[in-house]
Amino acid sequence: MADKRQVPGIRPYSSPAGGWGALRATAKAVREQMDLTEAPLLLLRTNKPEGFDCPGCAWPDKKHTSTFQFCENGAKAVTWEATNKRVTPEFFARHTVSELSKWSDYELENEGRLTHPMRYDRASDTYQPIGWDEAFNRIGASLRNLPDPDMAEFYTSGRASNEAAFLFQIFAREFGTNNFPDCSNMCHEATSVGLPKSIGIGKGTVSLEDFDHCELIIAMGHNPGTNHPRMMGTLHECSRRGVPIIVFNPLKERALERFADPQDPIEMSTFGSTPIASSYYQVRVGGDAAALKGIMKALLEGADRSDVLDLAFIAEHTNGFDTFTADVQNTDWVDIERVSGLKREDLERVAELYARSKATIVTYGMGITQHAKGTANVQQIANLLLLRGNFGKPGAGICPLRGHSNVQGNRTVGITEKPTPALAAGIERAFGFTPPLHHGHDAVAAMKAMVDGRSKVLICLGGNFAIALPDPELCADGMRKLDLAVHLNTKLNRSHLLIGGESIILPVLGRTEQDIQESGPQSVTIEDSMSMVHASRGKLRPASEQLRSEIAIVAGMAKAALPTSKVDWMHLVADYDRIRDKIEIVYPDFDRYNERIRVPGGFRLPLGPTERLWLTESGKAEFLIFDGLNEDDTLASSDILALSTIRSHDQYNTTIYGLDDRYRGVFGRRDVLFMNDEDLSANGVEHGDLVEIETALSGGRTRSMTLTAISYDIARGSVAAYYPEANFLIPIDHQDKISGTPSYKSMPVRVSRARL
Ligand SMILES: Nc1nc2c(c(=O)[nH]1)N[C@H]1C(S)=C(S)[C@@H](COP(=O)(O)OP(=O)(O)OC[C@H]3O[C@@H](n4cnc5c(=O)[nH]c(N)nc54)[C@H](O)[C@@H]3O)O[C@H]1N2
Ligand SMILES: Nc1nc2c(c(=O)[nH]1)N[C@H]1C(S)=C(S)[C@@H](COP(=O)(O)OP(=O)(O)OC[C@H]3O[C@@H](n4cnc5c(=O)[nH]c(N)nc54)[C@H](O)[C@@H]3O)O[C@H]1N2
Ligand SMILES: [Mo]
């Protein structure tokens with residue numbers, strides 16, 4: 001550490017991740033949100049065949065039949081939803097929207113579950129109760145009054161079930177638009193757009209069983225100890241089996257260094273732990289493509305190609321090998337080292353281990369996708385795997401770590417602004433209407449249309465759209481220009497407080513709660529990161545008698561908006577099996593859907609690459625070239641640092657559970673900038689100083705914010721701050737032009753001591 005100065009709330013954390021600290025944190029989460037007699041039973045029902053699917057992450061469970069794997073952040077997600085706290089009409093009567101706007105995100109959500117449909121009343125500046133039918137009628141009327149259906153935006157956050165997301169897109173398409181801004185546009189769009197071009201499908205190709213057979217794992221740009229905690233069990237097992245785990249991450253993340261499995265009685269009783277990363281490379285923020293090119297260059301420079309490359313696979317299954325190798329060979333080591341921040345010897349060492357492994361899995365997260373060249377990053381990972389035929393054999397493949405627990409399923413069942421002719425034909429078959437084919441808006445395009453006044457109605461199936469996007473000032477402006485915003489949510493959040501003409505909050509049942517319709521209790525279905533589709537059934541009594549399921553609310557709005565609809569909405573709501581029958585008509589991959597989800601564990605959707613079938617234009621997997629190395633030339637300038645925005649251990653996206661980030665040694669605060677010691681001194685700053693962080697893009701207005709700089713083990717030239725606060729620094733069009741993903745993880749900035 002640069003000096004010994006004491007900085008409030010900053011204390012190095014020396015224990016492994018997991019272990020007793022995790023058990024203590026779980027007990028605290030339960031104590032603060034729930035009735036202690038209910039919690040243990042509830043947690044036991046998580047991810048059980050007859051129980052509900054954990055809303056925490058999209059990592060699968062072994063056959064989904066195992067007992068609940070203990071997971072601190074899963075428990076936080078569950079208890080946060082199953083909390084005893086309530087946001088009632090009385091609460092809204094006591095607090096004006098102007099007053100609530102001054103509360104923090106943590107304070108807003110910590111008030112608890114929404115209990116009644118509410119509508120904003122301008123005269124009193126408060127939300128007031130409204131009946132469900134009146135709410136639907138108002139929404140229907142607003143939609144019908146629009147001169148053009150493309151003036152409405154239909155946002156989805158990836159917690160929605162397959163059934164809810166499917167009906168939502170049918171509603172929007174029958175209404176006449178393909179405007180589907182989606183949380184995936186801010187998350188794994190680079191995967192959804194990049195992988196189909198390279199391997200013919202925009203999803204991961206590994207199954208959980210593959211981790212039992214792999215010989216090497218390369219983990220890039222994700223932080224599983226916090227964001228995919230159940231993955232830690234898998235990594236722990238692999239490490240114990242002697243599988244090398246090579247990590248590329250600018251920050252030292254404790255869970256990637258060592259982990260104590262709370263389910264392991266010996267590790268727990270002896271305070272032991274297991275190392276996770278066998279080597280840990282602190283790549284510079286935005287330097288992954290350079291690192292990957294370095295590894296591939298080393299591989300191609302190897303003495304005998306037939307030893308290190310799978311030439312038979314390349315010849316039979318791929319296209320573009322020669323142009324690709326020429327590009328890699330033409331890339332200089334000097335540039336690779338400068339941009340990646342890593343040494344040639346290190347990358348050659350990775351190439352050596354890779355060449356030795358008969359089955360390799362590359363896992364990756366937001367550290368790869370949320371960049372101006374996110375799509376190209378993803379495609380470089382696919383190239384690396386193609387070189388040794390690491391698709392379609394046990395223990396090998398690509399493993400994007402999905403975000404929300406059903407974000408992948410939402411895309412599968414039609415949440416896309418670019419519908420294919422096959423989707424349109426499917427909808428025609430199932431419902432007898434022709435949906436529009438012209439492309440609609442993704443998340444950034446939707447917000448821009450709102451700001452320009454081209455879109456006037458926004459309906460949000462979950463999420464916190466205006467806070468998740470970059471540039472909160474611009475987003476607030478966009479929200480305030482709307483005629484109507486509708487929010488289907490479980491909890492109060494800041495998007496509800498950004499009001500234009502009319503604003504309606506519709507409280508929904510959460511995944512833990514019983515959903516009873518005309519035909520009895522209902523299950524919904526979810527697709528995990530590994531394309532397994534399974535049922536989820538809530539058991540808790542709903543947080544309020546007024547709550548309705550997302551499915552029933554979507555149907556209620558649709559019925560009111562589309563008086564001559566071809567869809568019998570209420571018939572579908574009465575029994576969700578009927579919705580699944582319709583999904584099966586639109587998507588033949590869901591063959592015998594209702595039958596197969598009744599088998600514990602569910603079923604796996606087909607994945608071409610696992611059988612070496614490539615649904616690309618050429619019918620082969622494609623080697624795709626990354627043009628250049630760095631996404632942003634400004635990052636090459638010496639006084640400029642690359643800012644990455646990251647999640648703390650106590651948050652779920654814009655939901656802030658608490659103010660600690662235990663594994664990174666930050667307690668009770670979030671206003672920090674993680675900096676390397678050498679960057680601190682190069683910028684004339686000391687550990688604990690207030691600093692001004694200023695955007696360093698050419699053109700556009702300057703944005704700046706003040707944080708406390710803290711010394712951290714992070715790659716030189718890279719700094720990190722928490723999301724969503726740091727969204728203030730990111731212009732909305734600083735994005736990957738191919739996938740539209742905002743470049744949340746590489747923002748050029750200058751840092752200087754704040755003038756007090
Ligand atoms: N508890 C909890 N679980 C979650 C979520 C949550 O907020 N809380 N969010 C859910 C969602 S929607 C998502 S998308 C996932 C997110 O899961 P992650 O992808 O793990 O999310 P991030 O915290 O954004 O961080 C990514 C990691 O990338 C590293 N990183 C930053 N920049 C770079 C870079 O340029 N290169 C490399 N190689 N690494 C980099 C950071 O140091 C950090 O360790 O988790 C899901 N699960
Ligand atoms: N700077 C920066 N910005 C980012 C990111 C980043 O890494 N850095 N990550 C991006 C990513 S990966 C994502 S996915 C987006 C997240 O964007 P969103 O998905 O829009 O945001 P969340 O914070 O997950 O949404 C929280 C709200 O969801 C509601 N909710 C919770 N459960 C349910 C439910 O079961 N049903 C319904 N209807 N509502 C529910 C609650 O009311 C809560 O207030 O943010 C993106 N923004
Ligand atoms: Mo995400």
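Order of appearance sets the numbers: ligands from 1, and atoms from 1 within every ligand.
- With respect to N464, the side chain to side chain donor-acceptor pair (under 3.5 Å) criterion is satisfied by exactly one of D105, N489, T654: T654.
- Side-chain atoms of Y657 and S648 form no donor-acceptor pair, as typed in the model, at a separation below 3.5 Å.
- Of all the heavy atoms of V508, the ones lying under 4.0 Å from any atom of ligand 2 belong exclusively to the side chain.
- Set against the non-hydrogen atoms of E109, the atoms of ligand 2 under 4.0 Å away are 43 (C), 44 (O).
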Take S746 and H371, measure what side-chain hydrogen bond (donor to acceptor under 3.5 Å, both in side chains) needs, and give me the verdict at the end.
CA-CA 6 Å; S746 45; H371 290 280; 3.0 Å; yes

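- Residue L488 approaches ligand 2 through these ligand atoms, each under 4.0 Å from one of its heavy atoms: 37 (C), 38 (N), 39 (N).
- Listed by chain and number, residues touching ligand 1 at under 4.0 Å (heavy atoms only) are G56, N73, C187, G221, H222, N223, T226, N227, H228, F248, N249, P250, L251, E253, V283, V285, G286, D288, G365, M366, G367, H371, G403, H404, S644, I646, R647, Q651, Y652, N653, K745.
- Numbered from 1 in the order shown, with element, the atoms of ligand 2 that lie under 4.0 Å from a heavy atom of Y155 read 17 (O), 18 (P), 19 (O), 20 (O).
- Applying the salt bridge (charged side-chain N to carboxylate O under 4.0 Å, His left out) rule to D661 yields the partners R664; only residues at least two apart in sequence or on another chain are considered.
- Using a 4.0 Å cut-off to heavy atoms of G462, the atoms of ligand 2 that qualify are 37 (C), 38 (N), 39 (N).
- Although no hydrogens or angles enter the test, the distance criterion places no donor-acceptor pair under 3.5 Å between the side chain of E417 and the main chain of N179.
- Every atom of ligand 2 is numbered from 1 in the order shown, and the set under 4.0 Å from a heavy atom of E550 is 34 (C), 36 (N), 37 (C), 38 (N).
- Taking every non-hydrogen atom of K491 and a distance limit under 4.0 Å, the qualifying atoms of ligand 2 come out as 41 (C), 42 (O), 44 (O).
- Take S544 and apply the side chain to side chain donor-acceptor pair (under 3.5 Å) test, not counting sequence neighbours, and it matches no residue.
- For T412 (side chain) and Q408 (main-chain N/O), a donor-acceptor pair under 3.5 Å exists by modelled atom type.
- For N727, every heavy-atom contact with ligand 2 shorter than 4.0 Å involves the side chain, none the backbone.
- With sequence neighbours excluded, no residue forms a ring-ring contact (aromatic ring centres under 6.0 Å, His included) with H441.
- The residues K203 and E527 are annotated as salt-bridged, a charged nitrogen and a carboxylate oxygen being separated by less than 4.0 angstrom.
- Cation-pi geometry between R159 and Y652 is satisfied (NZ or CZ under 6.0 Å from the ring centre, within 45° of the ring normal).
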